Amino acid sequence: MKTFYLKRFNDWIRRFSIKQRLFGFAILPSILMLICFMFYYSFSRSVLLQKSEQASIQLITMAEENLSLNAERLKSKVDNFSEKNSCIQIIQNKTITDAQKQIMERSRNNMESTLIQLYNRQGELIGESGQSNGISNLLHQHKQGWYYEHDIDKMLYISTIIEDDTLIGSVYAYFPKEVFAPLFTEKNSKTNAIQILDENDCILFGQSSLPYQMKIQIDDQMAKINHMEYIVTLRQIEGMDWKIMDMVSSDHVFEEIHNFRNLILVYCLIAMIVLLLCASLTYHSMHDPINAMLSSMQDFREDNLETIKIKDGGRDELHHLSTTFNDLLTRIEELLTTVQREQEQRRETQIQLLQAQINPHFLFNTLNTLRYLAILNEDKPVSEGINALAKLLRNTIVDSNEMVSVQEEIENVKNYIIIQKLRYGDLFETVYNIDENIKQKKILKFLLQPIVENSILHAFEEDREHQILTIRAREKNGYLCIEIGDNGKGFCVEDSVSSNKKLSSIGMKNIQERIQLMYGDTYSMKVESVIDVGIITTLLLPLEN
């Protein structure tokens, strides 16, 4: 089972290139390390958040208790003052005596207040003790409770004056914040601050210099203030509509873990760069020799086996593979050389055998012709025939060159026809049409004689007149085109014959085989014949100088 899944995994992973695999394996450890760190970071962050919340709860609990006690203490003093008969008399008489002013002054000092004002029900100021400094009258319409006066930065407590269950006036007592909440005047902490919020979560005052009446939006114990994030803890102040808030800078709480996070990210980045560099070097150490082998395989030709060999100075498995590839090229080169040499020897042997087959055939026919002539009559034509025979024997047997010029081959044909004239006399005429620009082109020796022989022996009849043998050589479409035609009796074939299998002449078969051996299948011999019209044999050969 393990082998099966391992094979499936190997099959899947090999869908990717070596480069993708190496870089993937290089990046994967960094990704796993980052994932583990993210889990650790999230866990540590929640732990630090809980600890910060617990510390804030303890702090604002103490602050809230202190503030509640001070507020209750000052409230009691103001309420006691408002219940005194002297206050009621001042409100009822709408005047204040010197003795009553002294009572108010003592009460103000006892309250630690900066200003006490008495208002009647109609909102008229009846009396006051302390410096008012332009404080407007009846700011809150006899509504009892605590207020923060931002314009003068004072705390205000309003206590109503009741007589016989009827509201007859109010006492306004102003206090400095230092008396009301001494904790909020200490601004020695840069990481956290305690603030007082009203019932709408708007800032009244506190340890930070945040704008008055600024709305605090709290989302999951977090608040963004002045583009900075704070951890916020709220608590309702007992006996008041206000709330006390402790705000701690999240940067301070998470400073250490953020530093650790940044350090881990730097380490991951460095590790990723090193791994990618190693992967790149490893990839090129494999890719370059493999690519060299692929390029050599794509450029493989029989004539460049030596130049495409790989130069590899390594010592790994790819070096052994490159060495094996070079050995394979050397072996292929040796085999090609051996095969080429064997084919050359075979071709030369076959040509020599074919030539050896042709030469006796031609020699015996010629000698037989001369024998008949010598029996009949001894004259000059015998001398010419023997001279022509000597030239032919010299060009075929004595001269070992395989290739001759077109002009030399035509001379051989002319000598052969001179010999045949000894036998057939004026039975036929020969017309030569040889272009000057192809006379020096090379051709296989003794290639045209069998075709001429075939026309003389099989095409012409003794009782016919005006029998003509035409030999034409020219350049046609980049080929050497030689046409040998006659107006003899022809033979029965279909429109054209390329292989000449129906001909009994050994020489015609010999020509076809020699052309294929020497030039290949691109060049050929084609025979066209029509009964009582004649035969045209066409040779298409390469133009060789």
Side-chain angles (χ1 to χ4, degrees), residues 1-52 191 219-222 224 227-231 248-300 307-330:
M1 184 63 69
K2 290 183 179 179
T3 304
F4 171 76
Y5 285 111
L6 183 60
K7 184 178 182 304
R8 290 287 299 273
F9 176 76
N10 290 333
D11 293 340
W12 173 80
I13 202 171
R14 292 196 64 188
R15 296 179 183 177
F16 304 95
S17 65
I18 295 177
K19 184 176 183 180
Q20 291 173 331
R21 279 179 267 172
L22 284 174
F23 282 88
F25 290 145
I27 295 174
L28 186 60
S30 300
I31 294 177
L32 292 176
M33 187 162 56
L34 284 175
I35 292 174
C36 294
F37 170 71
M38 292 303 295
F39 280 112
Y40 169 77
Y41 175 78
S42 178
F43 174 76
S44 301
R45 193 174 186 275
S46 62
V47 171
L48 290 176
L49 190 62
Q50 290 177 0
K51 290 184 177 180
S52 175
T191 59
D219 184 15
D220 194 20
Q221 291 186 303
M222 301 296 293
K224 193 169 185 180
H227 307 291
M228 294 183 61
E229 282 194 345
Y230 292 89
I231 302 171
V248 183
S249 173
S250 61
D251 291 338
H252 171 73
V253 174
F254 303 125
E255 181 178 5
E256 292 185 2
I257 192 173
H258 284 172
N259 293 335
F260 180 68
R261 176 198 62 188
N262 297 336
L263 187 62
I264 290 295
L265 291 177
V266 171
Y267 285 159
C268 288
L269 182 61
I270 294 175
M272 188 177 296
I273 292 174
V274 172
L275 289 173
L276 289 177
L277 181 61
C278 294
S280 178
L281 295 175
T282 305
Y283 167 71
H284 283 288
S285 68
M286 293 187 294
H287 171 267
D288 292 346
I290 293 175
N291 188 59
M293 281 186 281
L294 289 176
S295 299
S296 299
M297 292 177 184
Q298 293 171 353
D299 296 338
F300 179 86
T307 59
I308 65 174
K309 287 185 178 180
I310 302 171
K311 297 179 181 180
D312 189 353
R315 297 182 180 179
D316 56 359
E317 294 81 358
L318 292 175
H319 169 71
H320 295 307
L321 184 60
S322 300
T323 304
T324 305
F325 179 75
N326 290 338
D327 294 340
L328 179 61
L329 291 179
T330 302

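Since this is a predicted model, take the numbers as computed values, not measurements.
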Open item on the list: Determine whether a donor-acceptor pair (N or O, by modelled atom type, separation under 3.5 Å) exists between the side chain of S46 and the backbone of F43.
Closed with: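 Answer holds: yes.
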Enter the distance from [X]:[atom1] to [Y]:[atom2] here, rounded to the nearest 0.5 Å.
X: L269; Y: L276; atom1: CG; atom2: CG; result: 9.5 Å
X: E229; Y: M222; atom1: CD; atom2: CE; result: 4.5 Å
X: L275; Y: L28; atom1: CG; atom2: CG; result: 10.5 Å

Open item on the list: Would you say that more than 12 heavy atoms from the other residues, nucleotides or ligands in this model lie under 6.0 Å from the CG of D219, or not?
Closed with: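 Open: at most 12 neighbouring heavy atoms sit under 6.0 Å from CG of D219.
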Open item on the list: If the condition is side-chain contact (heavy atoms from CB on, under 4.5 Å), which residues does I31 pass it with, not counting sequence neighbours?
Closed with: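 By the side-chain contact (heavy atoms from CB on, under 4.5 Å) rule, I31 matches I27, I35.
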Open item on the list: Under the rule for side-chain contact (heavy atoms from CB on, under 4.5 Å), what residues qualify as partners of L277, not counting sequence neighbours?
Closed with: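 Partners of L277 by the side-chain contact (heavy atoms from CB on, under 4.5 Å) criterion, ordered by chain and then number, come out as L281.
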